[in-house]
Amino acid sequence: MKLASFLGAALMLVATASFAQEEEEPAPPEAPAAAPEEPAAEPEARAPEVRAPEPPAPKPKARVVRVAKSEREGADVEDEPVEERPAHRLGFEFGTRLVVIQDASFDPYAENDLLPQAMIGIGYMPFSIGPAAFGIIGEYDVGTVSADARGVPSSLLLQRMAGGVHAQIELWRFQLYARAMPGAIYAHATLDDDGVDRALASDGWTWVMDVSGGARFRLASADERVVDFWLFGEGGYSLTGDIEMAFAPPVEENDPRSFGQLKLPALHPSGGTARFGFALSFL
Amino acid sequence: MKWRAMWLLLACFGCEREAVWDAEVPHPTKAFGLDSAVAVVDEPTDRVLLLPVHGELELAPAALPIGKGFAAAARTPDRLRFVALSRGIVPRRTGEDEGPSITLIAATPEPAIVDRYELSDPLSRIAMDPESRFAVAYPAPGDGNFVHNPNELVVVDLDRAPAPDNPVEISLRSFGGSPERMTFTQPLALPGGERRLLIVQTDRDVALVDLQDLTLPEVTIPLTSGPQPLAPAAVAVSDGALDRNDDARIAIRIADHPNVIVVDLLPVPPEETSPQTYRALPNVIFVGGVPSDVAFVQTDGGLRLAALVPSIQALTLVDPTTGIASEIALDAPFDRISLVTSIVGAGEDGSDVALLWSTMSPKIAFVALGSTVGKPYASIERLELSEPVASVLEVPAPNAHLKILHSASGSSLFVLDVRDRTAAPIESSQSNTEITLAPAGNRAWISAAGEELAQLDLLSLHPVNLLLSRRIDAVFEVTRDNGGRALVALHGSGALGATVLDADQPSLASAREYFGLLLGGLP
């Protein structure tokens, strides 16, 4: 709980600092691909002189996407140069993922229904159509909760590893997206019962399917939008299978005793999810 | 600060968990040994956790609800059923508030609730019929309803499902007392037919309830006529001669009083009208001193009331018909009597043999009552022990000829063979030992609020000592689902643990340990 809170807060601070930095610095060009339009008009105002032709401005090694016609309504698209800007292919996300687990099986390990997790994600968008892009993503989340179960200290560590598909559309400084991510959840729970010299432990896996949608806000860019900095927020639902929770002391080599299992309700960590944090995207 | 507020907001979004996870674990736990399981009452969560043993010493816990407001529990003497009395929510403010009830649970390898009997008033105590048929709920002095009847009984026939006439509420006619103890009689040959009686002792009188017909009014026998209340301490019952139905008697021992009241259950005279088929005729008998125990015995002179009077070190025999008393001198202040006739056999004249023991003297005695009347030198056989006896445990068949005499210090016990008249001492290095007899009567388990546990074979008297890893609070021997026997040792540490051993071949190598049992089975 504390770890996730700290990470979330830290990421928010980084994002806020980046935003402040953007306001102090001169605004970067809206889109590097549009820069060649201005030099095309300047020679008409200047005295004619013979100049060696300048080498063409280096273009980023990115695909170029056309801005939607609706953004420049009334203009003759055929007469104007196409406004171009890079479509970022690679992205990273850091932040906090919250799961509201209302199933009673979560109760032994937490005093409320909230599971906070630190998350890290990576995305790759190889396909784009106009402002829309499609790709694949991967994500890892880890979070822990702890409580007392009838006076017995308990804890639950949940890790989620998921990969899936992601679709997004960019509107001005915003990006709207939706994603579906199947994956796996690993749970490790402990009960520190007074009757035994080591904590009872239970481990298990199950499947997970997350469906979510969210929005990103571009805080800043660097290197002529080679790198974009984003804040994002997202909501969704995480559907999972059950994890059998059978507790027993971990086996030790010098302990010949045989232990039976304490079975608690099978953990069903499904629930609504929220993610927020900070993202970077690259060309 | 803003972040903290946000986290609080998010935390509020998540609902609070079920209250059972904040309920305390009861210490000590109330546990009962049943035939196929151990029943542990988890009072804060309104449930009983049954622990049957499956397969290779595996506990298969099953939690069953027993209603809100647990008050008392008991197992039937046949160990096949478990009864829990709950008071419900008191006071009931809405129609949805749970009412008082008695929950009947079958202690099979797959435990299940058999019936739930709704009660109209919350009661706090329960008495169990030795024949496992009836349960009686009755109030405790501290029951704090706005209005309650301290003389109300609820009789439940456990062999019948809930019905308008089951349970039956009975309000005893009171002379100022309230129920303290219950005694269920064997079937008695009474005028009007054979029936069983429930003898209810209050602090000043005794009531007889006809278990055959609970709609009949009870018969109340007031003991107190003067300013000083006479409190019944114990009762003894005799059916009398087999061929007569007018000689059943009840002896009532009075606390700290040299008189015993013998109640004859006689036919109702033709000129009297009574809803009962019998009438109770009390007679006061002086036994020479304050008796510590009474019993009806058969002597060569017929039925007698035997009263042990430690102050004069005598066994007083009183003819209940004439009130004529004779004394057998004893050389020790014996204070408890138990008939062992069914084990050693009656005398030629049908007379009984009584076992006497003392909590004050290290002696026991067998008294043959066949040559007693008029002969103060009756046949008495004495055994000297190293310590006085605090309690006697009856060993179940097929070893009913054995009795376990537990010493007052708790550091030793004696295996008394009633047939051979021998008492084999078994010593323990610990005091305050607890003895648990196997239902099959072939062994005893001895523990002592520590980690030590011993199995004592009652035939060979060979002890097998074991050292468990945790302090033992109670042990129970149960039947496994495969027909074998298992010993379940409960450990109160943490959220209740258990060690399960093979009762026939106890060994730590095959034992299985469990932890946190009271965390299991919760919603």
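Chain letters run A, B, ... following the sequence lines, proteins first, then strands; residues in each count from 1.
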**Asked** So what's closer than 4.5 Å to chain B heavy atoms on P108(A): side chain, backbone, both or neither?
**Response** both

**Prompt:** Quick one: side chain to side chain donor-acceptor pair (under 3.5 Å) partners of D210(A), sequence neighbours excluded?
**Reply:** R97(A), R160(A), S238(A)

**Message:** Which atoms of V20(B) are under 4.5 Å from chain A, going by heavy atoms: the side chain, the backbone, both sets, or neither?
**Reply:** backbone

**Request:** Could you tell me which of S154(A), A147(A), G271(A), A149(A) has the largest number of non-hydrogen atom pairs under 4.5 Å with chain B?
**Result:** A149(A)

**Item:** Within 6.0 Å of CD in E252(A), more than 12 heavy atoms from elsewhere
**Value:** yes

**Request:** Name, in order of residue number, those residues of residues 59-66 of chain B that have a heavy atom at a distance of less than 4.5 Å from a heavy atom in chain A; otherwise write 'none'.
**Result:** none

**Asked** CG/D193(A) to CG/L519(B) distance, rounded to the nearest 0.5 angstrom?
**Response** 7.0 Å

**Request:** Could you look at L522(B) and say if it's the side chain, the backbone, both or neither that has a heavy atom under 4.5 Å from chain A?
**Result:** both

**Request:** Could you have a look at D148(A), D192(A), L115(A), I101(A) and say which one has the most heavy-atom pairs with chain B under 4.5 angstrom?
**Result:** D148(A)

**Criterion side chain to side chain contact (heavy atoms under 4.5 Å, CB included) on D194(A) and H491(B), from CA distance to verdict** = CA-CA 11 Å; D194(A) 281 347; H491(B) 313 291; over 6 Å; no

**Contacting moiety of R470(B), where chain A heavy atoms sit under 4.5 Å** = side chain

**Asked** Highest number of heavy-atom pairs under 4.5 Å with chain A: which of V500(B), L508(B), D42(B)?
**Response** D42(B)

**Message:** With a 6.0 Å cut-off on the ring centroids, do F259(A) and F515(B) count as close?
**Reply:** yes

**Request:** May I ask you to name which of A110(A), P265(A), G151(A) has the most heavy-atom pairs under 4.5 Å with chain B?
**Result:** A110(A)

**Beyond-backbone contact of S469(B) with R257(A), side-chain heavy atoms, under 4.5 angstrom** = yes

**Message:** Ignoring hydrogens, what is the shortest heavy-atom contact between Y514(B) and G260(A)? Give both atom names and the distance.
**Reply:** CE2-CA, 3.4 Å

**Item:** E18(B) CD to S105(A) OG distance, which is reported to the nearest 0.5 Å
**Value:** 11.0 Å

**Prompt:** Under a 4.5 Å heavy-atom cut-off, does chain A meet the side chain of A511(B), its backbone, both or neither?
**Reply:** backbone

**Top of G516(B), A498(B), G520(B), G497(B) for chain A proximity - count of heavy-atom pairs under 4.5 angstrom** = G516(B)

**Asked** For E24(B), is it the side chain, the backbone, both or neither that has a heavy atom under 4.5 Å from a heavy atom of chain A?
**Response** backbone

**Request:** Please examine the side chains of R150(A) and L518(B), heavy atoms only from C-beta on, and report whether any two atoms are closer than 4.5 Å.
**Result:** yes

**Message:** Counting only non-hydrogen atoms closer than 4.5 Å, does A248(A) touch chain B with its backbone (N, CA, C, O), its side chain (CB onward), both, or neither?
**Reply:** neither

**Request:** Kindly give the heavy-atom pair with the smallest separation between A495(B) and V152(A), and that separation in Å.
**Result:** CB-CG2, 3.9 Å

**Request:** Count the heavy atoms belonging to other residues, nucleotides or ligands that lie under 6.0 Å from CD of E58(B), then report whether that count exceeds 12.
**Result:** yes

